[in-house]
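As a basis for the values below, the full set of heavy atoms in this structure was taken, side chains included, without hydrogen atoms, waters or symmetry mates. Small disclaimer: the values here were computed from a predicted structure and weren't measured.
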Amino acid sequence: MSKGFTRDQLAARIARDIPDGWYVNLGIGLPTLIANHLPPDREIVLHSENGILGMGPKPGDNAADLDLINAGKQPITLLPGGAFFHHADSFAMIRGGHLDLVVLGAFEVSAGGDLANWTVDDNSMPPGVGGAMDLAVGAKHVWIMMEHVTKKGEPRLVESCRYPLTAARAVHRIYTDLAVLDVGADGFVVRDMAPGMSLGELEAKTGAPLRRAA
Amino acid sequence: MIDKLYPNAAAALEGLRDGATVLISGFGDAGVPFALCLAVLETGARDLTVVANNAGFAGKGVAALIDAGRVARIICSFPRSEPDSPFVRQYKAGRIALELVPQGTLGERMRAAGAGIAGFYTRVSAGTRLAEGKEMREIDGHQHVLERPLRGDFALVRAEKADRWGNLVFRKAARNFGPVMATAADITVVEVAECVENGALDPEAVVTPSVYVDRIVVTGPGGPR
């Protein structure tokens, strides 16, 4: 059996690290899993960029409302205390630094905190960017949830991104199946590793130097 | 006496010409003015520039306009929600131009157009491919991109209710781009489930004040989804 956190373990780990009272946007893809693991004793307010604060879980069968969807266009619910607002307000909220945290997926993150998560230049499909650039620039904290290496085993944490950037020097912390790392002033700092991982093994799967947290 | 009510969607699009820029509300299927999109097809207008967050879904709305070859250019943030959509086919065939804009910048460019703002500096997209060719300026130690306003000849907006003057309320997340687009076009056409008498909407709850609305069409609840 391979070492490392499962996706749900990783989502639960991230959820545990989100403080009570934070306003949070969970990006499309892996980060949406985090919503299933938010600690019930904390009030964490979820933002959806299509104009919702206080997003709740998906509705029961036959209760879906076509006008109540999340940024991934899936039916959701609204919690008591939730609110609707238009798109310019939603992104003013994002750019204006009012969200405490966004958790995004990524193709690559560089040691300087550059983020690449919007296109891999695959010419078979036209590009799409959505709100990725706005979220990466605007939120107070930018965390990344991603696999540590590609399907081919190549590092996704790199010295400099090969894929087109979403934002420069934007990422603060990265949660992967193998480790939790901060982007420090001098590159990646290892905060935590999956059970059984050694620093040497992690270094072999990472494309930039690692330091242990003091 | 103010009368913004039109008998049907086709009549409400009078003046829509070839080459027009049309702002179309909606995010996913929520808030898309489906009846007005169908009516655009019936006008026969071509070479349109469409501004919308997405390029349409399931062959409806914006996707129907693209499929019929009416859209020369789309300005949007996320056009490829389905692998084999009309947009993807037309794009691969080189028959539609794409201007990709970050989602918040898209909304803010329309807000600027509606608010008389000639441009704004934002950190969003600085240092990325989407800023190429744009004027840059360092402000407070960060690179910023100059973004220009985005205005439409027409805005087609879905709302829940209008009153006779054109005050609007929306429904849940179907609000999305509607209130912003309503401010940013020469002619704003609104498709609503219901039009009520003046005074029937709570003035404290009005989202879009009537000054932004030119034409109203009642298409019933939900519209043709």
Non-hydrogen side-chain atoms of [X] and [Y] separated by less than 4.5 Å:
X	Y	value
B/V88	A/P126	yes
A/K73	B/N54	yes
B/D29	A/L66	no
B/L98	A/P127	yes
A/L78	B/K172	no

So how far is it from [X] [atom1] to [Y] [atom2], rounded to the nearest 0.5 Å?
X	Y	atom1	atom2	value
A/I94	B/Q103	CD1	CD	7.5 Å
B/R129	A/W118	CZ	CH2	5.5 Å
B/L106	A/F91	CG	CZ	9.0 Å
A/D134	B/T122	CG	OG1	7.0 Å
B/R175	A/D67	CZ	CG	12.0 Å
B/Q143	A/R169	CD	CZ	13.0 Å

Using non-hydrogen atoms only, which part of [X] is less than 4.5 Å away from chain A: side chain, backbone, both, or neither?
X	answer
B/V207	neither
B/F57	side chain
B/R111	side chain
B/F27	both
B/T105	both

Which heavy atom in [X] sits nearest to a heavy atom in [Y], and how many Å separate them?
X	Y	answer
B/R80	A/G128	NE-N, 3.4 Å
A/N50	B/A173	ND2-CB, 3.8 Å
B/E82	A/M125	O-CE, 4.4 Å

Give the intermediate values and the outcome of salt bridge (Lys or Arg N to Asp or Glu O under 4.0 Å) for residues A/D65 and B/R171. CA-CA 11 Å; A/D65 181 333; B/R171 187 167 182 276; 2.6 Å; yes

Segment of [X] engaging chain B (4.5 angstrom heavy-atom cut-off):
X	answer
A/A88	both
A/T166	backbone
A/D114	neither

Relative to chain A, which of B/L130, B/V101, B/N53, B/V180 shows the most heavy atom pairs under 4.5 Å? B/L130

Please work out which of the three classes, parallel, tilted or perpendicular, describes the rings of B/F177 and A/H87, given edges at 30° and 60°.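 Aromatic pair A/H87/B/F177 classed parallel.
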
Heavy-atom pair count under 4.5 Å with chain B, highest-scoring of A/G130, A/G131, A/A136: A/G130

